[in-house]
Amino acid sequence: MANVIAGISSHLPERIVTNDELSQALDTSHEWIFTRTGIEKRHIAATNEFSSDLGITAAMVALGKAGVAPKDVDAIIVSTTTADRRFPSCACRIQGEIGAARAFAFDINAACAGFIYGLAVADSMMNSMRLKNVLLVAAETLTKFVDWSDRATCVLFGDGAGAFVLQTVDDPAAGGIIATKLYSDGTEAKYNSILSHGGPQNGNRGYITMVGRAVFKYAIDCMASSMNEILEENKMTIDDIDWIIPHQANKRILESMCKIRDFPIEKLIVTTQEHANTSSASIPLALSQAMADGKVKSGDTLLFTAMGAGLVWGASIVRI
Ligand code: ACO
């Protein structure tokens with residue numbers, strides 16, 4: 001048996017906001033944003049467009065590519081830190097809207113590492129509950145949770161969604177999810193390095209705050225060590241990997257990680273310039289873009305890694 005990726009898609013809101021447009025309302029510049037992060041633009045959801053709306057479109061396209069009817073979906077798992085409401089979940093809304101009547105549905109929140117957490121949860125549920133078709137969606141509207149007067153954070157984020165249709169097949173050599181590895185560290189300094197203050201603690205929606213330089217360092221350490229450990233545990237080396245697709249927070253983080261920790265930069269997929277930081281949606285968005293660009297091809301072995309608020313981080317090896 002193998003849990004393969006039968007369909008992949010992504011979806012972005014229509015509105016594109018460039019760095020130059022941001023600098024008209026904020027004391028910043030394209031030059032500052034681009035040199036520090038690699039970001040050139042981001043997509044921003046409309047006022048009445050929420051994470052589940054982006055997820056619904058991504059889900060329907062992925063199901064179409066996989067040739068799976070919504071009625072045949074067994075479970076819907078949605079990774080989001082920016083759910084439309086406290087409850088019901090985005091997953092339940094998506095289930096209702098796409099007509100996946102047989103599926104059970106729930107959200108998970110593992111911040112920017114949520115897609116990797118979602119892959120791990122889906123993989124183990126498919127094995128333990130004998131599920132055939134699982135829809136994994138990552139849908140985020142971070143721009144609804146930034147303080148637009150804080151130039152140190154608001155320029156970093158964008159909105160978007162991605163979806164995988166995961167399917168159990170009999171052939172154990174079919175590839176799909178080869179391994180996943182998850183980590184958390186909620187000790188005080190790390191817990192406080194990036195957070196959204198919203199909720200009962202302070203009674204408002206909550207805006208993102210961040211200790212940028214600490215997060216920069218944690219991101220490199222966490223992503224690099226998780227990649228090394230997952231490769232070692234699976235008796236693989238970086239030579240067995242065709243493409244490294246990390247969480248797209250910041251181009252400088254990704255390039256520094258490759259340089260300092262000796263990962264081949266030519267295997268690195270970077271789409272930060274197009275999407276900015278879309279939290280857990282960034283890996284499926286980057287993968288979809290790399291496939292559309294003709295870089296990633298069917299049969300390639302991919303190494304995903306991500307780190308986010310918590311701290312939470314992890315890595316996954318998949319063959320598509
Ligand atoms: N435009 C112009 N100036 C700015 C801006 C801006 N948008 N933002 C901050 N500055 C100013 C600061 O006010 C400061 O000015 P001062 O020296 O007069 O006080 C100066 O630039 C330097 O500020 P720093 O915060 O020290 O800038 P730094 O070089 O560290 O870059 C950045 C900031 C880009 C956030 C960097 O720390 C970083 O990339 N950190 C990683 C954070 C990240 O990517 N987080 C994503 C979320 S977490 C995740 O997804 C894993």
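Counting convention: from 1, in listed order, for ligands and their atoms alike.
Lys132 and Asp74 are not joined by a salt bridge, as no carboxylate oxygen comes within less than 4.0 angstrom of a charged side-chain nitrogen. A salt bridge links Asp27 with Arg151: the closest approach of a Lys/Arg side-chain nitrogen to an acidic carboxylate oxygen falls below 4.0 angstrom. Ionic pairing of Asp159 and Lys144 is not present here: no N-O contact between side-chain nitrogen and carboxylate oxygen is shorter than 4.0 angstrom.
Ring-centre distance between Phe157 and Phe145: not below the 6.0 Å cut-off.
Protein residues having a heavy atom under 4.0 Å from any atom of ligand 1 are Asp27, Thr28, Trp32, Arg36, Thr37, Cys112, Arg151, Ala152, Val155, Phe157, Ile194, Met210, Gly212, Arg213, Val215, Phe216, His247, Ala249, Asn250, Ile253, Asn277, Met307, listed by chain and number.
Under the 3.5 Å distance criterion, with hydrogens and angles disregarded, a donor-acceptor pair is assigned to the side chains of Ser51 and Thr141. Side-chain N/O atoms of Ser280 and Ser79 include a donor and acceptor closer than 3.5 Å.
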